[in-house]
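Sequence lines set the chain letters: A, B, ... in the order given, protein chains first and strands last, and positions in each chain run from 1.
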2 protein chains.
Amino acid sequence: MARTGHPAPKRRRMTRQRRIILEELRAAGGHPTADELHQRVRQRLPRISLATVYRNLDVLAEAGEIVTVRLAGGQRRFDAVLDRHYHVRCVECGKVRDVPAEPFGDIGEAARRVCDFEVLGYELQIDGLCPSCAAARRGEQKQG
Amino acid sequence: MARTGHPAPKRRRMTRQRRIILEELRAAGGHPTADELHQRVRQRLPRISLATVYRNLDVLAEAGEIVTVRLAGGQRRFDAVLDRHYHVRCVECGKVRDVPAEPFGDIGEAARRVCDFEVLGYELQIDGLCPSCAAARRGEQKQG
DNA sequence: ATGAGTGCAAACCATTTGCACACGT
DNA sequence: ACGTGTGCAAATGGTTTGCACTCAT
């Protein structure tokens, strides 16, 4: 008997739902939440359920086709861009934007150096105010 | 009339609950969840509710007395250590450990350089396997 | 044909909130 | 006294799951 630590990966089927979820995530471009993506996909598959969207996002992430981004502020977000990059999130409006990874140096390297964990990955989240919310806040202060 | 953008901060009272929550977080040392802390505090205040723990942790964080750590893997965690440092989390058992910040360079600096957001803060989370889970996994593979 | 995938509704679980009362200032 | 803080229970909201059915392979 084959007693492997990791059970054999299931053979995945490319259902219409799965394909369209992936297409729409790529088309959406940003970092939609499952719910936002659900709205979008519904325009093409009106009967698709939110649960199916979640299930497929998990499968796609496991397959390495997409990346799930767990930022503060509640919901998970999903990203079809696979290149290493980080995220800034506006604490006011929740807007998320990519930032390039290079200026931060080799974080994985540094991580491996400072701890005895077997480093598998890492996530850098930057919190701040987007230009428009920053401007709005300054306006408020002036008139206050 | 005083029309400030930010309403006057409330005068906070140092209730027994608030003081003991802070004491227990400091005594606990690690990165307990609200629930774990609730268990601890209950030994001294048997009737305290989880809601009160949450409320006070929010207040204490806002006052800068503690830091809330939002890592992947469900619950928020809380930290009484205020010095800048990052966190490694074992993806297997959920254990969280501190890592020093120096080897990573000035992430805030880099963040400000690469985006037009007004950077307020950032959080680096490293995912990996703690030594014992890594060992366990290797053992499994060998015998599998 | 067969088991992965689906829609639906209900379950889950961390966190939050409404309310009437209690207590720190 | 005043209004912040508390306990309790119920609500919330993102995510997951059980089930019977459907469909890709």
Problem - DNA chain C-proximal residues of residues 26-37 of chain B, any heavy atom under 4.0 Å - result: none

Practice task
Kindly confirm or rule out a cation-pi arrangement of A:Arg113 over B:Phe104, judged by NZ or CZ under 6.0 Å from the six-membered ring centre and within 45° of its axis?
Solution key: no

Practice task
Establish, yes or no, whether the cationic atom of B:Arg84 lies under 6.0 Å from the six-membered ring centre of B:Tyr122 and within 45° of the ring axis.
Solution key: yes

Under-4.0 Å salt bridge between [X] and [Y]:
X	Y	result
A:Glu118	B:Arg137	no
B:Arg76	B:Asp58	yes
A:Arg26	A:Glu65	yes
B:Lys10	B:Glu62	no

Which whole-number value in Å describes the distance from [X] [atom1] to [N] [atom2]?
X	N	atom1	atom2	result
B:Glu62	C:dT16	CD	P	13 Å
B:Gln75	C:dC12	CD	P	17 Å
A:Arg47	C:dT6	CZ	C1'	11 Å
A:Ile20	C:dG5	CD1	C1'	14 Å
B:Asn56	C:dT16	CG	C1'	14 Å
B:Leu45	C:dC23	CG	P	12 Å
B:Arg42	D:dT6	CZ	P	16 Å
B:Arg18	C:dA22	CZ	C1'	14 Å

Completion exercise
On a heavy-atom basis, the closest approach of B:Val114 and A:Pro103 is CG1-CG, 3.0 Å

Handout entry: Over 12 foreign heavy atoms within 6.0 Å of CZ, A:Arg19
Key = yes

Problem - same_hphob_cluster(A:Val53, A:Leu60) at 4.5 Å side-chain heavy-atom cutoff - result: yes

Practice task
Could you check which of C:dG7, C:dT6, D:dT4 has an atom nearest any side-chain atom of A:Ser49?
Solution key: C:dG7

Fill in the blank from the handout: With sugar-phosphate taken as primed atoms, P, OP1 and OP2 and all else as base, the protein-contact string of nucleotides 16-25 of chain D at under 4.0 Å (heavy atoms; B, S, -) is BBB----BBS

